[in-house]
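Here is the structure we will look at, set down as C-alpha cells.
Scope of the values below: all heavy atoms of this structure, side chains included, with no hydrogens, waters or symmetry mates. Residues take their numbers from the sequence shown, with the count starting at 1.
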Amino acid sequence: MILSFRIKKLSIRQVTWFLTVTVSISSALIGVIVFYGGNLKWVAIGVFFLILSNFLIIRFFVEQFLFHRIKLIYKLITDSKREINTKDLAGENIETVNTHVMEWAETTKKELASLQNLEEYRKNYVGNISHELKTPIFTIQGYLHTLLDGGLYDQKINMDFLQRAADNADRLQNIVEDLEVISRLESGQVQLELTKFDLKKLCEEVVQDLAVMAEKKLISMRFKENNTPYTMVLGDKNAITQVITNLIVNSIKYGRDGGVTKIGFHDLEGELLCEISDNGIGIDEKHIKHLFDRFYRVDSSRSRKQGGSGLGLSIVKHIIEAHQKTLNVRSTPEYGSTFGFTLQKV
C-alpha cells in the first residue's frame, strides 16, 4: 500500500530509473550465483558487463516504451499536433498523468452525451418540422387538385375549398415567419428595444384583446388579489407582449371549459415575477423538459386542432433568455399549469 502510494508520487523519469536499477541488481545477483565458484576476476567482469548491458538495454526500452505511450496519450487528450517535449513529460509523476487522463475521459464522456442528445434533438426536430409542413401542404394540394378536376365549377364547394386552401397557406406562412423569428433570436440579430413600462397594464391590454377567445370557452380571466402594487419593468415591450399573448392563449386553448386563467405578480427584490396560471389539462412531467423545443406537442392530435405553428413556447423561451432572465413552468396533470418569467424592475 505504502509502496504503491510512493510509486504514484514518482516522476516518469524516476520510475524508469527505479525499474532499471531493480532489474539490474536482480540480474547481478543471478549472475553472481551463476558464476560463483569460478575465477573471481572473471566473475566480477561478467557481473559488471551483465549489469551494464541490463542497465542500458532495460532503461532504453522501458523509457522509450513509457514516453512513447505517454506522448501518444498527451497528444490525444490535448488534441494537439505539436511535438510533446520529452523533458517536460519526464517531470510529471504517475498520479498527475493519471489525473489528466481521467479528467480528459470525464470531459469526453460528457461531450459524447451532449452530442448524442443534440443528435436525438436534431432527428426529432427534422421529423417534427417535416410533419408540420407536410400537413398543410398536402391539404392545399388536395383542395387545389379537387378544384382543378372540376370542383372549381361546383358552386357548393369551390369557395369553401379555396378558403380552406388559403387558410393552410396562411398556416405555412406563420410557420416560416416563426422560424425566422427564432433564428434571429438565436443568432443575436434581434436588438431589444429596452424601455420602461407597466407590466400589469400591458397584461390588461392583452386580456382585453383575447376576451372574445376566452368567452367561447366560458373561461374567465382575472388578476390575483395578492399582487404586488409596483409593476414597472424594463424590457422590450413588443417582445414581452408576444410572450404574454402566447402564454394566455395557451391557457385558454388548454384550459377547461368554464375554467379560469389567473395572472399574478410577485416582487423578487430586483426582479418582478409574472405568472400565468390555468386549471386545465396540465402537463405530465416527462413532457416538461421538451416543452420549449421547436414543434414539440404534448398531445399532437389535440394541439394541431387548436391551431398554431407549434413554435410559440420556443419563441417565448428565446425572448425571455434574450432579456437574460428566466422562464419556468409548474404543472400537474388534471390540475393545470403555471408559466412564469422574470423581468428587471425599474
What ring pair (Phe, Tyr, Trp, His ring centres under 6.0 Å) pairs are there with at least one residue in residues 189-244, not counting sequence neighbours?
none

Test side-chain contact (heavy atoms from CB on, under 4.5 Å) on Leu202 and Glu205; report intermediate values, then the result.
CA-CA 5 Å; Leu202 180 60; Glu205 294 172 359; 3.9 Å; yes

State whether Lys317 and Glu321 are salt-bridged, where the test is any N-O pair (Lys NZ or Arg NE/NH1/NH2 against Asp/Glu carboxylate O) under 4.0 Å.
yes

Begin with the C-alpha distance, continue with both residues' side-chain angles, and end with the deciding distance and a verdict on side-chain contact (heavy atoms from CB on, under 4.5 Å) for Met221 and Ile248.
CA-CA 9 Å; Met221 294 184 288; Ile248 294 179; 3.7 Å; yes

Could you tell me whether a side-chain N or O of Asp284 sits under 3.5 Å from a main-chain N or O of His287, the two making a donor and an acceptor?
no

Are side-chain N/O atoms of Ser337 and Asp278 paired as donor and acceptor at under 3.5 Å?
no

Strictly by ring pair (Phe, Tyr, Trp, His ring centres under 6.0 Å), give each pair with a member in residues 133-155 just once, sequence neighbours left out.
Tyr143-Phe161

Any chance you could lay out the side-chain contact (heavy atoms from CB on, under 4.5 Å) test for Leu234 and Leu343, step after step, and finish with the verdict?
CA-CA 7 Å; Leu234 182 68; Leu343 288 174; over 6 Å; no

Do the charged groups of Arg256 and Glu334 touch, with an N to O distance under 4.0 Å?
yes

Okay, side chain of Asp236, backbone of Leu192: is any donor-acceptor separation there less than 3.5 Å?
no

Going by distance alone, is a donor N or O of one side chain under 3.5 Å from an acceptor N or O of the other, for Gln242 and Asn238?
no

Ile244 with Phe292, same ILVMFWY side-chain cluster at under 4.5 Å
yes

Arg171/Asp167 ion pair, N-O < 4.0 Å
no

Does Ile276 offer a backbone N or O that forms a donor-acceptor pair with the side chain of Lys262 under 3.5 Å?
no

How close do Ala214 and Ile252 get, counting heavy atoms only, and between which atoms?
CB-CD1, 3.9 Å

Does atom NZ (Lys345) have a neighbourhood of more than 12 heavy atoms from anything else shown, all under 6.0 Å?
yes

